[in-house]
There are 4 protein chains.
Amino acid sequence: MVLFQITPGSDVPLFRQIIDQVRGAIAQGRLSPGDPLPSVRGLAAELVVNHNTVAKAYSQLVRDGVVESQQGRGYIVASRREIYTKTERKRRVTALVTPLINEAITLGFSPEEVLELVQRELTKVSVDSKG
Amino acid sequence: MVLFQITPGSDVPLFRQIIDQVRGAIAQGRLSPGDPLPSVRGLAAELVVNHNTVAKAYSQLVRDGVVESQQGRGYIVASRREIYTKTERKRRVTALVTPLINEAITLGFSPEEVLELVQRELTKVSVDSKG
Amino acid sequence: MVLFQITPGSDVPLFRQIIDQVRGAIAQGRLSPGDPLPSVRGLAAELVVNHNTVAKAYSQLVRDGVVESQQGRGYIVASRREIYTKTERKRRVTALVTPLINEAITLGFSPEEVLELVQRELTKVSVDSKG
Amino acid sequence: MVLFQITPGSDVPLFRQIIDQVRGAIAQGRLSPGDPLPSVRGLAAELVVNHNTVAKAYSQLVRDGVVESQQGRGYIVASRREIYTKTERKRRVTALVTPLINEAITLGFSPEEVLELVQRELTKVSVDSKG
DNA sequence: GTGGTCTAGACCACG
DNA sequence: GTGGTCTAGACCACG
């Protein structure tokens with residue numbers, strides 16, 4: 001099974017797609033705290049992207065406390081620790097929720113349909129990941 | 001009351017913030033079909049941005065069928081009509097849902113908490129704004 | 001062979017002429033899905049217009065699903081997908097048909113002649129470009 | 001029966017809509033050579049537009065040989081006389097046909113569908129108008 | 001080297 | 001007074 005998949009044709013930057021894939025893998029429980037991430041160069045080769053792009057993605061994940069650098073021995077999934085305050089975390093999520101709702105409603109979806117869409121996507125999430 | 005607010009320092013482009021503000025005002029029923037939008041130059045002055053930036057935001061909203069241009073008399077909120085196929089509308093919304101969930105879960109929120117956050121934001125939506 | 005040609009003196013805006021040229025090249029099969037478009041700055045230099053003008057044309061084509069942006073690697077012709085409802089697509093075409101007919105008839109053309117003119121132009125369309 | 005109808009909310013300028021309506025009335029035989037047009041001020045009042053707007057439309061129609069000014073006694077539909085060469089008339093119509101086809105084809109219509117749409121609109125045209 | 005965003009400012013069209 | 005288009009030029013993001 002392939003762990004990460006990117007779409008080079010998308011308008012989402014490659015490094016952000018990689019970040020998203022790592023977050024997604026953790027959210028879905030395919031990666032757990034302590035698990036090693038693919039090496040920077042290995043993943044770069046596999047995805048056929050520049051290794052700087054992978055490095056950039058990993059370093060942002062480190063900055064956000066999602067993964068940890070094991071100096072010289074690669075990266076692992078961080079044990080969950082909250083580096084952001086509750087307020088900050090809520091702010092970050094709300095910053096994504098609001099535009100989603102505004103777009104959906106003005107596209108003609110009803111509130112119920114929006115909720116349904118979110119719910120359906122949430123079923124893909126592993127319950128274990130929230131540990 | 002101020003209708004639109006933007007954050008100049010944000011990584012979200014100014015014109016996109018304006019688009020979101022307009023969509024939000026409509027979704028929340030603060031603006032209804034037929035209501036005039038602030039004039040391009042007037043809003044530009046108020047937000048302290050270039051008029052081209054406001055013009056860009058407005059013209060994208062026109063292309064999405066959300067507002068209408070009234071030659072020489074400015075812009076108004078369009079009456080609701082669906083111009084995109086169901087597939088396209090779903091594609092657009094899903095593109096916003098997935099990263100939201102990945103971010104939220106890896107920040108430590110449970111699926112239930114995510115749903116709650118979405119639900120709370122949805123209560124701000126006007127009943128009139130939908131279909 | 002020159003791919004795109006514009007008429008600077010025309011009353012049709014430059015960015016709209018560029019849009020039409022791209023659409024024409026696709027309709028006639030001179031550009032196929034996956035083919036790269038000229039770079040924004042390159043085309044701007046060739047047509048002796050500002051790069052913003054080309055960027056505006058390209059971004060509207062993206063919004064119409066006709067071309068795609070490939071981050072850092074420029075634009076390509078999109079594979080065909082329909083994003084607009086049948087109603088919207090008809091509305092757009094009809095908006096162009098009516099004035100054409102009124103102009104043609106009052107210029108002295110008979111309905112048959114108008115049809116002939118349209119038919120002749122349609123022979124330039126590539127069979128591959130449809131459906 | 002109302003002779004002319006305009007849509008103030010459209011993005012087509014009012015004076016151009018009036019031109020189009022007059023041309024349409026002639027094309028459909030509701031107005032014939034020698035028939036008087038509504039007075040500038042009368043039509044302005046009826047359409048609730050500035051009389052300068054109507055005057056501008058009429059003067060462009062005069063320039064194109066479609067109507068004639070009867071100094072002080074208003075305007076009448078001109079007897080058909082060709083003020084443009086065959087080449088020029090073809091150039092004008094083709095300038096409208098090409099973008100129509102390019103738009104239609106890249107929106108996903110087949111050449112046959114385009115032809116059909118044009119044909120359907122042409123059925124509204126009176127045969128007498130081509131005299 | 002690719003595109004994306006933004007500003008400052010001009011000039012024009014419409015009404 | 002309203003918006004539409006365009007240029008010149010800057011600065012940044014991505015790879």
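Within every chain, numbering begins at 1; the chains are lettered A, B, ... in the order of the sequence lines, protein sequences first and strands thereafter.
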Q: Q60(C) has an atom CD; how far is it from atom P of dG4(F), in whole Å?
A: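 After rounding, the reported distance stands at 11 Å.
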Q: Which of the following nucleotides, dT7(E), dG3(E), dG3(F), is nearest to the side chain of V40(B)?
A: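 The answer is dG3(F).
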Q: Counting only heavy atoms not in R41(A), do more than 12 sit closer than 6.0 Å to its CZ atom?
A: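 Atom CZ in R41(A) is not packed in, count stays at 12 or less.
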Q: For the residue pair H51(C) and A44(C), what are the closest heavy atoms and their distance?
A: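 Here H51(C) and A44(C) meet closest at CA-CB, 3.6 Å.
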Q: For dC14(E), does the base pair up with any side-chain atom of N52(D) as donor and acceptor (N or O, under 3.5 Å, distance only)?
A: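 No such pair is found, so the answer is no.
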Q: What does Y58(B) touch in the nucleic acid at a heavy-atom separation under 4.0 angstrom: a base, only the sugar-phosphate, or nothing?
A: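 If one applies the 4.0 Å heavy-atom cut-off, Y58(B) turns out to touch nothing in the nucleic acid.
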Q: Nearest whole Å is fine: how far is dG1(F) C1' from Y75(B) OH?
A: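 Rounded to whole Å, this separation is 15 Å.
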Q: Are the charged groups of R30(C) and D35(C) less than 4.0 angstrom apart, N to O?
A: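 D35(C) and R30(C): not salt-bridged.
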Q: Which comes earlier along DNA chain E counting from the 5' end, the contact point of V48(B) or that of A55(C), where each point is its nearest nucleotide?
A: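 This one resolves to A55(C).
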Q: Measure from the side-chain heavy atoms of S39(B) and tell me the nearest of dT2(F), dG15(E), dC14(F).
A: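 Out of dT2(F), dG15(E), dC14(F), the nucleotide with an atom closest to S39(B)'s side chain is dT2(F).
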Q: How close or far is atom P of dT5(E) from atom CD1 of I6(B), stated in whole angstroms?
A: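 Whole-Å distance recorded here is 15 Å.
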Q: So does R16(C) get a side-chain nitrogen or oxygen closer than 4.0 Å to the phosphate oxygens (OP1/OP2) of dT5(F)?
A: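 For dT5(F), OP1/OP2 do have a side-chain N/O of R16(C) under 4.0 Å.
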Q: The side chain of P13(B) lies closest to which of these nucleotides: dT2(E), dC6(E), dC14(E)?
A: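 Given the options dT2(E), dC6(E), dC14(E), the side chain of P13(B) is closest to dC6(E).
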Q: Under a 3.5 Å cut-off for both distances, is dA10(F) Watson-Crick or wobble paired, and to whom?
A: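 Pair assignment: dA10(F) / dT5(E).
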Q: Any side-chain N or O of T53(B) under 4.0 Å from OP1/OP2 of dT7(E)?
A: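 Checking T53(B) against dT7(E): at least one side-chain N or O falls below 4.0 Å of OP1 or OP2.
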Q: Considering only side-chain heavy atoms of L14(D), which listed nucleotide, dG15(E), dC6(E), dG3(E), is closest?
A: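 Of all the options, the side chain of L14(D) is nearest to dG15(E).
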Q: From dT5(F), dA8(E), dG3(E), pick the nucleotide closest to the side chain of N50(B)?
A: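 Nearest nucleotide to the side chain: dA8(E).
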Q: What's the closest nucleotide to the side chain of S69(B) if the choices are dC14(F), dG3(E), dG4(F)?
A: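 So the nucleotide nearest the side chain must be dG4(F).
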Q: Between T94(B) and K90(B) (side chain of the first, backbone of the second, donor and acceptor by atom type, cut-off under 3.5 Å), is there such a pair?
A: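 A pair under 3.5 Å: yes.
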Q: Mind checking the CG-CZ spacing from L96(C) to R91(C)? Nearest 0.5 Å is all I need.
A: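 The distance works out to 10.0 Å.
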Q: Any donor-acceptor pair under 3.5 Å joining the side chain of R41(B) to the base of dG3(F)?
A: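 Answer yes: a donor N or O sits under 3.5 Å from an acceptor.
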Q: So, does K56(A) get its side chain near the phosphate of dG15(F), meaning an N or O under 4.0 Å from OP1 or OP2?
A: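 No, because none of the side-chain N or O atoms of K56(A) sits under 4.0 Å from OP1 or OP2 of dG15(F).
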Q: Using a 4.0 Å heavy-atom cut-off, does V49(C) contact any base of the nucleic acid, only the sugar-phosphate backbone, or nothing at all?
A: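 Sugar-phosphate: the residue V49(C), judged by heavy atoms under 4.0 Å, touches backbone atoms but no base.
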